Protein chains: 2
Amino acid sequence: MDMLTLALEPESSTPLYEQLYLHIRQAIVDDTLTTGAKLPSKRKLSDFIDVSQTTVELAYAQLLAEGYIESVPRKGFYVLPQEELYVRRSDNPIKPLPQKKTYTFDVYPSQIDTTAFPFERWRRHLKQVVTEENRDLLALGSVQGDLVLRQEIATYLYHSRGVSCSPEQIIVGSGTEQLLPQLLDLLTDAKTFGIEDPGYPLTKQLFEHQNRHYVPIPVDESGLVVDRLETERIDAVYVTPAHQFPTGTILSVSRRQRLLNWALEHQTYIIEDDYDSEFRYSGKPIPSLQSMDQNERVIYLSTFSKSLMPSLRIGYMVLPPQLLNRYRERYRHFTCSVPRFEQHTLAEFMANGDFEKHLNRMRKTYRRKLEIVTAAFKPYEPTVSITGASAGLHIILSINVPHSTETLQHMAESSGIRIKAMEDYYIRPQHLHPQFLFGFAALSEAVLPIAVARLMSCWNVTKGGTSTD
Amino acid sequence: MDMLTLALEPESSTPLYEQLYLHIRQAIVDDTLTTGAKLPSKRKLSDFIDVSQTTVELAYAQLLAEGYIESVPRKGFYVLPQEELYVRRSDNPIKPLPQKKTYTFDVYPSQIDTTAFPFERWRRHLKQVVTEENRDLLALGSVQGDLVLRQEIATYLYHSRGVSCSPEQIIVGSGTEQLLPQLLDLLTDAKTFGIEDPGYPLTKQLFEHQNRHYVPIPVDESGLVVDRLETERIDAVYVTPAHQFPTGTILSVSRRQRLLNWALEHQTYIIEDDYDSEFRYSGKPIPSLQSMDQNERVIYLSTFSKSLMPSLRIGYMVLPPQLLNRYRERYRHFTCSVPRFEQHTLAEFMANGDFEKHLNRMRKTYRRKLEIVTAAFKPYEPTVSITGASAGLHIILSINVPHSTETLQHMAESSGIRIKAMEDYYIRPQHLHPQFLFGFAALSEAVLPIAVARLMSCWNVTKGGTSTD
DNA sequence: ATGGATTTGTCCGTATGTATG
DNA sequence: TCATACATACGGACAAATCCA
């Protein structure tokens, strides 16, 4: 080892031992110090370069830990064989993300009204939860989610959705995206799933990601066409009975009865996604399918994305006993993916009645917005007609003009309106007259009529109900 | 319709229209009102039972919405066909969960010291994040996690782990459990994965849950036996180079070089799980494998479970460009599973230097605990010998007594000590002398010597290094 | 066959008690 | 405390369907 090249800088901010370590490492990598070479003894080296023995010791220890040298006790340190590191320039460029257009009016569904969120109350509960006394919450909690939250969810479900279950049947997770794959994993016997067509696009994608076979089942004005389950030899089915997405239809009672009987007969399961049942504006809420089931065939699934905020990432599912047992066997060593601080904050929020209050307030808000929107579209009837206006956060516009859906969408886009066509939700392409989803949740009461007017004018729809071209 | 039976209670807390709805519904379900039967007109019924037209109207509207009746405009309401609901008593009992034993001393690894968590600072950042001005945070953010957090992680990784990456290469998620399956999904070409044996049990389970084929690769004192990757025809490999779990070995430099060359040659990927690299108590931190790689072959994976708290559920991975492009294609329409409030709180926590401070404090704490533990075990040498004491939150005890691992574990359990045996981490069963993991993070400095003494006495190990039986 | 009376669902304005802020 | 808004309930106006002289 050419110790003459070892010029250490005592004034440098990098410690001496590290400088020494780096020097020797470089020499080894360079092959200046070859395999089997003996390093100078601590004493010799420390004398020679005028540093303490400890400095050398630390440097050698680091080289030893990282595997550059080996130590033969009472003999010395020896350089270990090195491998040449090959480099092949393979510059894979990162493809830039598509530029996000900015729109003047965004009426996509899935958005919510964020202006009324009770930050003050949420902060208060957070503050109460994130304290020294709750330091247990730093450790891992139950796989299914913490009991306090599951209890709150159970009583909420019972009172507002007629779902009767014990807290131990509830699994808390980061939304449908995380829960549905887990659930599919439990439904091992089901080879072919039925899903609604049109339906929520993510559902389809989750089935594909899990490599599970699915068949699109049509939806009509009474909801899912249940008879198809028999003809298509479906093993298990995914439905949104209370408010079908995106059509907004309610699964009729006779369909429900047939569906439940079908599940009983085939001893299989119905996945009920109750994603936005909180918001119904006329009459009592539509009962959940789970509440009509006496045979433990329904898995109830929902989230807080619409009722609180999409970014909270808290959802839950209610498993029938048989599936629960299977879940516990299979996921025993897993962890609930929702932060415990969030879980307890939400539990407090619900226990205090804040959740109920917030739901009532939001129902009011959305009802008013819905009224504004329907009133704003009224003058354009019958060129434009509205359906699905009794629940949810969007309505369906049926447009009677001599343009294709695609053309209308482009016209809207170039007028700064982001709007989703009904066609896009179909798995099997359909030829229908143009329909669009108009999500009214995110826009303010003042903006909504302007957005409607802009949409109508860009489509050349005039009041009185005739198109000008 | 036998309207005589319609006795409504005006004083009841359930509104009149709901009572009426329930009555009629019952009659339909009972088959008292059969399919096709015409309901009395609004006026007639309201006259007869002496309620307003609106009351009847509301009741009919609800029945209509739920699909019990249909409306023929200007003609009347007619009962729709009903299906009999079959019930088959299938009482699947919920299996009770195994009672959790309570232990006086819990020295499982995976626990952390919770006494020093800076609740005050965390609360402050939370309070700053959860405000009306940040109401955008209620809506969904980027799939990969919010940019502010990814930027903080990128600079942290660069300074503390030598990992060089841009924020856009980072994917934030709810820990390894959620990220690894996503990653496996991207590594479609890899048919056979190599994983460390012994290793983290969850890794194995995640591969099994994803139905991916894996081969256990042995670990020796230099870490993963890289040569086996060739002989076992491995396509991609999962490693913990900086501090192998559970053995605590460091992947030696020559092994790293060979590993990187192997990946380059086969154009495949190395998954580097850097799960607890923050805690190293002698010398500089062990460099990350990613920092040595110049060929975009390493996926860096880590979490905040050890450094902050396990219940936070925030982890991240750094994808090489090619995989990032694939990820963006495939997960475009998905959502980051970490709540945005948490993401921004953590980002603030890091930006303020609080994270760095906390890490330094915890390193000091754990180092002191480690010293206490090694000192406490010292008198029992050589019956008990310690390895892996330069990093991490646990050490390895090698026990030289004439008892089996199983016996020793039972002895510990009946003395109120929860301890994990090394054997349990092996995929391929091994016959070795008894080894145990002693996690020292959760116990206090005062309790640690007591726990050690209790463990030694229950195993009949006496000071001076001989076993009494 | 026909026209007017009747019945029907639909739509709307309003009163009252209660919950909300 | 008080004003507001909403659920519930009431009764009537309207137009379409039906019925019958």
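These numbers were taken from a predicted model, which means no experiment stands behind them. Numbered from 1 within each chain, the chains take letters A, B, ... in sequence-line order.
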May I ask you to evaluate whether [X] reaches the phosphate of [N], defined as a side-chain N or O under 4.0 Å from OP1 or OP2?
| X | N | value |
| --- | --- | --- |
| B/Ser52 | D/dC10 | yes |
| A/Lys364 | D/dA5 | no |
| B/Arg43 | D/dG12 | no |

Report all side-chain donor-acceptor pairs from residues 372-379 of chain A shorter than 3.5 Å, counting only partners two or more places apart or in another chain.
from	atom 1	to	atom 2	distance (Å)
A/Thr374	OG1	A/Leu370	O	3.0
A/Thr374	OG1	A/Glu371	O	3.0

Give the rounded distance in Å between these two atoms: [atom1] of [X] and [atom2] of [N].
| X | N | atom1 | atom2 | value |
| --- | --- | --- | --- | --- |
| B/Ile69 | C/dT8 | CD1 | P | 15 Å |
| B/Lys75 | C/dT7 | NZ | C1' | 12 Å |
| A/Glu356 | C/dG21 | CD | P | 12 Å |
| B/Lys42 | D/dC10 | NZ | C1' | 10 Å |
| B/Lys38 | D/dA17 | NZ | P | 15 Å |
| B/Gln53 | C/dC11 | CD | C1' | 11 Å |
| A/Asp354 | C/dG21 | CG | P | 10 Å |
| B/Gln62 | D/dA9 | CD | P | 13 Å |

Counting any heavy atom closer than 4.0 Å, what does [X] reach on the DNA or RNA strands: base, sugar-phosphate only, or nothing?
| X | result |
| --- | --- |
| B/Ser71 | sugar-phosphate |
| B/Leu16 | sugar-phosphate |
| A/Arg363 | nothing |

Measure from the side chain of [X], starting at C-beta and using heavy atoms only, and say which of [options] lies closest.
| X | options | result |
| --- | --- | --- |
| B/Thr55 | D/dG11, D/dC10, C/dG21 | D/dC10 |
| B/Phe77 | C/dG9, C/dT20, D/dC10 | C/dG9 |
| B/Glu57 | C/dG9, C/dC12, D/dA9 | C/dC12 |
| A/Arg367 | C/dG21, D/dA7, D/dG11 | D/dA7 |

Looking only at side-chain N and O atoms, does [Y] offer a donor or acceptor that is under 3.5 Å from a partner on [X]?
| X | Y | result |
| --- | --- | --- |
| A/Asp197 | A/Tyr426 | no |
| A/Arg161 | A/Ser277 | yes |
| A/Gln244 | A/Thr247 | yes |

Axial bend angle, the helix from C/dT2-D/dA21 to C/dG21-D/dC2: five-pair end segments, nearest 10°: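 Comparing the first five pairs with the last five, the axes sit 10° apart.
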Please find the pair of heavy atoms, one from A/Val338 and one from A/Gln343, that lie closest to each other, and give the distance.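 Minimum heavy-atom separation between A/Val338 and A/Gln343: O-NE2, 2.9 Å.
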Heavy-atom side-chain contact between A/Phe438 and A/Val452 under 4.5 Å: yes
D/dG11 base / B/Thr54 side chain donor-acceptor hit below 3.5 Å: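 Side chain to base: pair present.
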A/Tyr108 six-ring centre to A/Arg418 NZ/CZ under 6.0 Å and within 45° of normal: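 Yes; both conditions hold, so A/Arg418 lies above the ring face of A/Tyr108.
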Tell me if the centroids of the rings in A/Tyr200 and A/Tyr425 come within less than 6.0 Å of each other.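 Ring centres of A/Tyr425 and A/Tyr200 not closer than 6.0 Å.
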On DNA chain D, compare the nucleotides closest to B/Pro15 and A/Arg368; which residue's is nearer the 5' end? A/Arg368
